[in-house]
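All remarks here apply to the structure that follows.
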Amino acid sequence: MEGRAPVGSCGLYCGSCAIYYARGNKGLQKRLARELQCEPEEVGCNGCGSFSPDCHGSYCKIYLCGINRGHEYCNQCHEHPCGRLQRLSMGYEGVPLRQLEELRALGEEEFYNLMARRWTCVCGGTIVAYKKRCLSCGKGADLS
C-alpha cells in the first residue's frame, strides 16, 4: 500500500487535496498561499497519518481527536458521526461521511482503487475535493 495517498480519519482522500499535492509544486504552493492568506512555504502536507509540525493541517481537530481516542477512522468511534465531522462533511457536500461508509463497505484495497478513479480527471490530472475541479485542466467534476 506504499506510494498511494492516504485517507484522513474524517474520510477525505488526501489524493484529492491540493495542499497534499503542493508539497513539491512551487507554483501550486504560491497559488494556494494567496487563497489561504499565508506564506507559500506554509502550504504543504505529508498526508493524514503522517502529520509533522510543518504540515498545513497539523492542527486538524478531527485528526487529533481520532489519535487521542485510538481510532484510525472516525467511523470506528462510538460517537460517529459527531458534530465536528458532520460540519466538515457539509462543507464538502457530504463527501467525507459518504467515503467513510464506502471504506467500511468495500475494505481498504477496493476503497483506495475507487478513490484513485474518483479523484482522477479524464485529462489525468487530480480533482480537488473542495473545488470539485481538476488542478491541471480546471474542468469541473460530477462526483455523484
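Here the OG-OH distance, from S9 to Y73, works out to 9.0 Å after rounding to the nearest 0.5 Å. Between atom OG of residue S16 and atom NZ of residue K131 there is a gap of 14.0 Å, rounded to the nearest 0.5 Å. Here the CG-OH distance, from N46 to Y20, works out to 8.0 Å after rounding to the nearest 0.5 Å. Rounding to the nearest 0.5 angstrom, the gap separating the CG atom in L28 from the CD1 atom in I19 is 9.0 Å. Here the CD1 atom belonging to I62 is positioned 6.0 Å from the SG atom belonging to C74, to the nearest 0.5 angstrom. In this structure, the separation between CE on M115 and CG on L103 is 8.5 Å, given to the nearest 0.5 Å.
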Sequence neighbours excluded and cut-off under 3.5 Å, please list the side-chain donor-acceptor pairs for residues 77-88, or say none.
from	atom 1	to	atom 2	distance (Å)
E79	OE2	R69	NH1	3.0
E79	OE2	R69	NH2	3.3
R87	NH1	G83	O	3.3

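Counting all heavy atoms, side chain and backbone alike, T126 lies closest to G15 at CG2-O, 3.1 Å. When all heavy atoms of C123 and C134 are compared, the closest pair comes out as SG-SG, 3.6 Å. Closest approach of C48 to C14, counting heavy atoms only: N-SG, 3.3 Å. Nearest approach of S89 to V95, heavy atoms of both residues: OG-N, 4.0 Å. The heavy-atom pair separating V128 from W119 by the smallest distance is C-CZ3, 4.2 Å.
Residues passing the side chain to side chain donor-acceptor pair (under 3.5 Å) test with E110, sequence neighbours excluded: none. Under the salt bridge (Lys or Arg N to Asp or Glu O under 4.0 Å) criterion, K139 pairs with no residue, sequence neighbours left out. Residues forming a side-chain contact (heavy atoms from CB on, under 4.5 Å) with T120 (at least two apart in sequence, or on another chain): none. Qualifying side chain to side chain donor-acceptor pair (under 3.5 Å) partners for Y21, counting only residues two or more places apart in sequence or in other chains: none.
Sorted by first and then second residue, the side chain to side chain donor-acceptor pair (under 3.5 Å) pairs involving residues 22-34 (not counting sequence neighbours) form an empty list.
Contact check for L97 versus Y92: no side-chain heavy atoms found under the 4.5 Å cut-off. With contacts defined as side-chain heavy-atom distances shorter than 4.5 Å, the pair Y112/Y13 qualifies.
Transitive grouping of hydrophobic side chains (ILVMFWY, heavy atoms separated by less than 4.5 Å) keeps M90 and L100 in distinct clusters.
Ion pair R118/E102 flagged as a salt bridge, since at least one NZ, NE, NH1 or NH2 atom sits closer than 4.0 Å to an Asp/Glu carboxylate oxygen. We find that R98 and E101 are not joined by a salt bridge, their nearest charged nitrogen and carboxylate oxygen being 4.0 Å or further apart.
Side-chain N or O atoms of Q37 include none that pairs as donor or acceptor with a backbone N or O of A33 at under 3.5 Å. Checking side-chain atoms of Q99 against main-chain N and O of P96 turns up no donor-acceptor pair under 3.5 Å.
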